[in-house]
Number of protein chains: 4
Amino acid sequence: MGTQERKALEKQLRRSQILDAARLLLFSSGIDSVSISGIAGKAELGVGTIYFYFKNKEEIFAALQEEGLDLLYSKICKIIQNETAPEKQLAGIANAYYQFSEENKNYFDIINYFLSSPTVFFEQELKQQIDMSGHKILKIIQDTILSGIHQGIFEEDAPGRFSMMFWGTLHGLLHFKKLENTVLENENHLDLYEYSVNKLIEAIQCR
Amino acid sequence: MGTQERKALEKQLRRSQILDAARLLLFSSGIDSVSISGIAGKAELGVGTIYFYFKNKEEIFAALQEEGLDLLYSKICKIIQNETAPEKQLAGIANAYYQFSEENKNYFDIINYFLSSPTVFFEQELKQQIDMSGHKILKIIQDTILSGIHQGIFEEDAPGRFSMMFWGTLHGLLHFKKLENTVLENENHLDLYEYSVNKLIEAIQCR
Amino acid sequence: MGTQERKALEKQLRRSQILDAARLLLFSSGIDSVSISGIAGKAELGVGTIYFYFKNKEEIFAALQEEGLDLLYSKICKIIQNETAPEKQLAGIANAYYQFSEENKNYFDIINYFLSSPTVFFEQELKQQIDMSGHKILKIIQDTILSGIHQGIFEEDAPGRFSMMFWGTLHGLLHFKKLENTVLENENHLDLYEYSVNKLIEAIQCR
Amino acid sequence: MGTQERKALEKQLRRSQILDAARLLLFSSGIDSVSISGIAGKAELGVGTIYFYFKNKEEIFAALQEEGLDLLYSKICKIIQNETAPEKQLAGIANAYYQFSEENKNYFDIINYFLSSPTVFFEQELKQQIDMSGHKILKIIQDTILSGIHQGIFEEDAPGRFSMMFWGTLHGLLHFKKLENTVLENENHLDLYEYSVNKLIEAIQCR
DNA sequence: CATGAATGAGCATTCATTCAT
DNA sequence: TATGAATGAATGCTCATTCAT
């Protein structure tokens with residue numbers, strides 16, 4: 001049993017080892033430069049070994065994406081716990097997403113990459129699994145808003161829709177970071193972001 | 001000078017010829033299937049000739065992207081002209097962007113292609129040129145809002161910021177189309193979009 | 001000794017188990033899709049275990065080939081027993097081979113696989129063993145012809161040679177099935193086959 | 001025009017160069033060891049260059065096969081011209097095929113390889129083109145037989161079928177060369193071949 | 001005996017780009 | 001100007017075989 005345990009552990013370790021290499025590569029050279037043989041090289045493993053632990057290149061990316069979403073999720077959770085007022089919690093969530101896009105730019109990029117790509121990368125099953133990680137995040141936003149409604153702070157007939165809109169706005173604005181020096185040239189991006197978040201919160205606050 | 005003019009004209013003609021081929025290919029087979037030799041074939045030119053008129057494959061894409069932005073711009077203009085009420089105009093703009101993302105998916109894709117790419121494709125000059133096309137669109141939104149304010153219909157201290165937020169929300173929500181069957185499973189995407197647009201308009205309407 | 005016997009038996013059992021898996025795979029997906037790990041999976045054994053019972057992938061194929069030859073042999077025997085007239089028996093053998101090539105295409109393919117390969121797969125010993133299975137079949141043909149000669153129905157100075165020619169013709173014609181739609185476009189393949197068999201039988205019949 | 005001619009010639013030369021390399025490799029290492037990069041190496045060309053002259057690996061093999069069939073065809077023609085008696089011509093054709101299988105074993109092997117392989121290698125169009133080369137050979141056999149019939153030397157109701165049977169027999173017997181040391185151990189292969197050819201010729205000769 | 005993790009050579013094909021003519 | 005032949009790096013993936021446990 002000790003043997004079995006150790007084996008399972010080692011297997012988990014190898015997976016991490018591979019994901020580490022993939023992440024490193026992805027973050028250093030961009031998604032297009034991540035090749036299986038590259039990963040194998042970084043991980044000091046044979047190419048075949050990669051395929052022993054992951055069915056696909058796709059599956060590796062999916063794992064990384066889930067990692068990222070989980071990280072974001074935990075960041076959001078932490079911030080939520082430090083605030084009690086729903087409006088502060090919403091702002092905190094937005095703040096966490098912004099921080100995530102800066103401090104974990106690489107994870108943010110990979111999540112965005114697949115969300116924005118015109119081509120379909122993941123097979124149905126895998127896609128569902130990934131998206132469910134996103135679901136958890138949406139759920140927090142929703143719960144926060146519902147809690148605000150129950151507390152009589154927020155007022156909104158369609159809290160579910162509003163949550164999605166909230167998240168969509170954050171997402172879209174973070175996407176615009178690229179335009180900082182051109183379209184948004186006279187505008188501080190973070191200011192714009194915070195302004196928007198406030199606007200959204202005001203929009204559901206009881207007056 | 002007649003000669004010079006003719007030369008310039010011919011050069012412009014060749015460029016169009018190449019872009020026509022590239023566009024045809026892009027629309028018939030998607031962004032991944034556009035290859036230089038494919039373009040050369042369609043344009044009935046040699047591969048090398050393409051490189052005489054465009055430095056890069058990316059430069060061709062950039063030109064197409066501008067086309068797309070121009071098309072979106074003209075669509076928005078048309079809609080604006082058919083409405084006089086600023087709130088209807090804003091809704092119309094949002095509507096136009098949604099339509100564009102569906103009816104001109106290829107252009108929408110190519111625009112996103114560059115916006116999402118973590119690597120910088122273009123030299124500064126080229127990038128600015130493209131982004132300015134986006135600027136024009138943002139300008140319309142801004143003007144519409146300003147006009148609404150002047151008419152006493154809208155109320156907003158930071159019309160510029162609100163315009164960006166408006167556009168960012170649209171943009172982010174359009175990206176969520178991919179999540180239709182998973183995260184958004186119980187939600188009609190267009191309904192969500194329209195709900196959000198209304199919410200935004202309400203947010204700046206005088207009460 | 002009981003132990004030894006049991007061991008030998010078990011070893012034989014495992015071999016069958018592996019061959020069963022290999023056969024299943026061969027028949028369900030064709031010769032190119034048979035992989036050792038596939039066999040191991042189907043047989044619910046480890047990959048290494050396969051290599052304990054068979055030196056090679058080729059050795060597995062060889063075993064299957066023998067199976068095929070044995071099957072063909074038994075088919076021929078059955079047909080021979082139902083006919084008494086040598087000329088009918090010969091026709092029956094030919095018929096059996098044709099049927100075999102259609103109904104047991106997978107066995108037919110694997111037999112040809114080794115016969116057509118320009119490289120030598122097997123060590124001498126193995127090769128001989130396989131070819132002897134073919135020998136048995138040739139023997140039946142020969143016996144049939146000899147019997148016909150003894151009965152005064154056939155007339156032939158070189159019955160051994162004729163047998164080989166007989167079999168060679170069948171074999172060659174079965175290969176021509178591939179040409180059905182091109183070279184043989186105006187010809188029904190089975191008709192051609194039967195025509196040829198008759199021609200051969202006529203050639204040794206006493207007139 | 002001199003330039004154009006030279007260019008066309010050079011293009012033809014490159015094709016030959018590639019086919020030479022492919023043939024060399026095919027003949028030295030067997031069909032499974034022929035890789036595009038191997039061919040490129042032998043031909044001292046870049047991998048991409050191969051694909052400039054041939055669409056496919058398939059197309060290269062097809063070209064080699066046609067080469068072989070053409071060579072066989074010309075051998076047969078030569079022999080036919082040296083004989084006037086149809087029965088000698090038939091024997092000559094058989095002889096030519098045997099010689100071909102020995103002197104041009106490599107070409108013979110490749111033709112056989114594709115004829116015997118259970119999997120389909122060539123797409124419809126390509127297959128037709130190849131098979132038509134085989135058609136030419138069948139045609140000669142047929143013409144020879146028809147000529148013999150007209151001369152009152154041969155007697156046969158189905159000359160077309162007989163031609164195919166004739167060729168099929170040759171083909172099958174040549175295939176059996178592999179069995180020389182096992183199944184055919186007491187038999188000289190060439191003797192068997194000649195015996196069979198005679199038997200076939202006798203079978204259509206008027207008595 | 002049995003396992004299954006690890007290997008790494010090997011494959012066909014694509015394509016942006018260059019450059020001699 | 002215009003051409004198009006030539007390049008070769010790069011890619012995802014498979015699989016027979018080995019070997020430490």
Side-chain angles (χ1 to χ4, degrees), chain A residues 3-4 6-7 10-11 13-15 18 32-41 43-60, chain B residues 7 10-11 14 32-41 43-60, chain C residues 7 10-11 14 32-41 43-61, chain D residues 3 6-7 10-11 13-15 18 32-41 43-60:
Chain A
T3 314
Q4 266 192 4
R6 186 177 314 143
K7 274 201 173 178
E10 271 182 11
K11 203 155 180 173
L13 233 62
R14 276 270 191 274
R15 262 187 79 98
I18 291 167
D32 286 331
S33 317
V34 180
S35 71
I36 293 290
S37 80
I39 294 172
E44 297 185 54
L45 290 170
V47 186
T49 311
I50 307 294
Y51 282 90
F52 187 80
Y53 289 95
F54 293 90
K55 211 185 93 201
N56 256 340
K57 197 187 179 184
E58 188 191 335
E59 228 178 29
I60 297 176
Chain B
K7 274 196 174 181
E10 273 181 9
K11 193 152 185 172
R14 277 270 195 274
D32 287 332
S33 316
V34 181
S35 71
I36 292 288
S37 82
I39 295 171
E44 297 183 55
L45 290 170
V47 192
T49 313
I50 307 290
Y51 280 88
F52 185 80
Y53 291 96
F54 292 90
K55 205 187 109 200
N56 248 342
K57 193 191 180 183
E58 304 299 350
E59 215 176 75
I60 297 176
Chain C
K7 273 196 175 181
E10 273 180 9
K11 193 153 186 173
R14 276 270 195 274
D32 286 332
S33 316
V34 181
S35 71
I36 292 288
S37 82
I39 295 172
E44 297 184 53
L45 289 171
V47 192
T49 314
I50 307 291
Y51 281 88
F52 185 80
Y53 292 96
F54 292 90
K55 205 185 108 201
N56 249 342
K57 193 190 179 185
E58 305 299 349
E59 216 176 73
I60 296 175
F61 278 167
Chain D
T3 314
R6 186 178 314 144
K7 273 201 172 179
E10 272 183 10
K11 201 155 181 174
L13 232 64
R14 276 272 190 274
R15 263 186 78 98
I18 292 168
D32 286 331
S33 317
V34 180
S35 71
I36 293 289
S37 81
I39 295 172
E44 297 185 56
L45 290 170
V47 187
T49 312
I50 308 292
Y51 281 90
F52 187 80
Y53 289 95
F54 294 90
K55 209 185 92 199
N56 257 339
K57 198 187 179 184
E58 189 190 335
E59 227 178 32
I60 297 176

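Order of the sequence lines sets the chain letters (A, B, ...), proteins ahead of strands, with each chain counted from 1.
Each of C:E10 and A:R14 lies near DNA chain E, and the nucleotide nearest C:E10 is the one positioned closer to the 5' end. Nearer to the 5' terminus of DNA chain E, by closest-nucleotide assignment, is the contact made by D:K57 (compared with the other of D:K57 and B:V34). Ranked by how close their nearest DNA chain F nucleotide is to the 5' end, A:V47 and D:G46 are led by D:G46.
For the C1' atom pair drawn from E:dC1 and F:dT21, the interatomic distance equals 13 Å after rounding to whole Å.
As rounded to whole Å, 15 Å separates atom P of E:dT7 from atom CD1 of A:I39. As a whole-Å value, the separation of B:I50 CD1 from E:dC15 C1' is 14 Å. Between the CZ atom of A:F54 and the P atom of E:dA6 there is a distance of 12 Å, rounded to whole Å. The nearest whole Å value for the distance from the CZ atom in B:F52 to the C1' atom in F:dG4 is 16 Å. To the nearest angstrom, C1' of E:dT17 lies 12 Å from CD1 of B:I60. Computed from coordinates, the A:K55 NZ to F:dC13 P distance equals 10 Å when rounded to whole Å. Rounded to whole Å, atom C1' of E:dC1 lies 10 Å from atom NZ of C:K11. One atom, CD of C:E58, and another, P of F:dA16, lie 9 Å apart when rounded to the nearest Å.
Remark: A:S35 is not in phosphate contact with F:dA10, judged by side-chain N or O atoms under 4.0 Å from OP1 or OP2. Using a 4.0 Å cut-off, no side-chain N or O of C:N56 falls inside it from OP1 or OP2 of F:dA16. Residue C:K7 places at least one side-chain N or O under 4.0 Å from the OP1 or OP2 atom of E:dC1.
Residue contacts for A:I36: at a heavy-atom cut-off of 4.0 Å it reaches the sugar-phosphate backbone alone, with no base atom in range. Heavy atoms of C:Y53 sit under 4.0 angstrom from primed sugar atoms or phosphate atoms, though from no base atom. Here C:Y51 lies in heavy-atom contact (under 4.0 Å) with a base. Using a 4.0 Å heavy-atom distance criterion, C:T49 is classed as a base contact.
Side-chain atoms of A:E58 and A:N56 include a donor-acceptor pair closer than 3.5 Å.
Scanning all heavy atoms of the two residues, the minimum distance from A:I18 to A:A43 falls at CA-CB, 4.5 Å. B:R14 approaches B:L45 most closely through the heavy-atom pair NE-CD2, 4.0 Å. The two residues B:Y53 and B:K11 come nearest to each other via the heavy atoms CE2-CG, 3.6 Å.
As the counterpart of F:dA20, E:dT3 is assigned, both hydrogen-bonding distances of the Watson-Crick or G-U wobble pattern falling under 3.5 Å.
Put simply, CZ on D:F54 and CD1 on D:I39 are 8.5 Å apart, with the number rounded to the nearest 0.5 Å.
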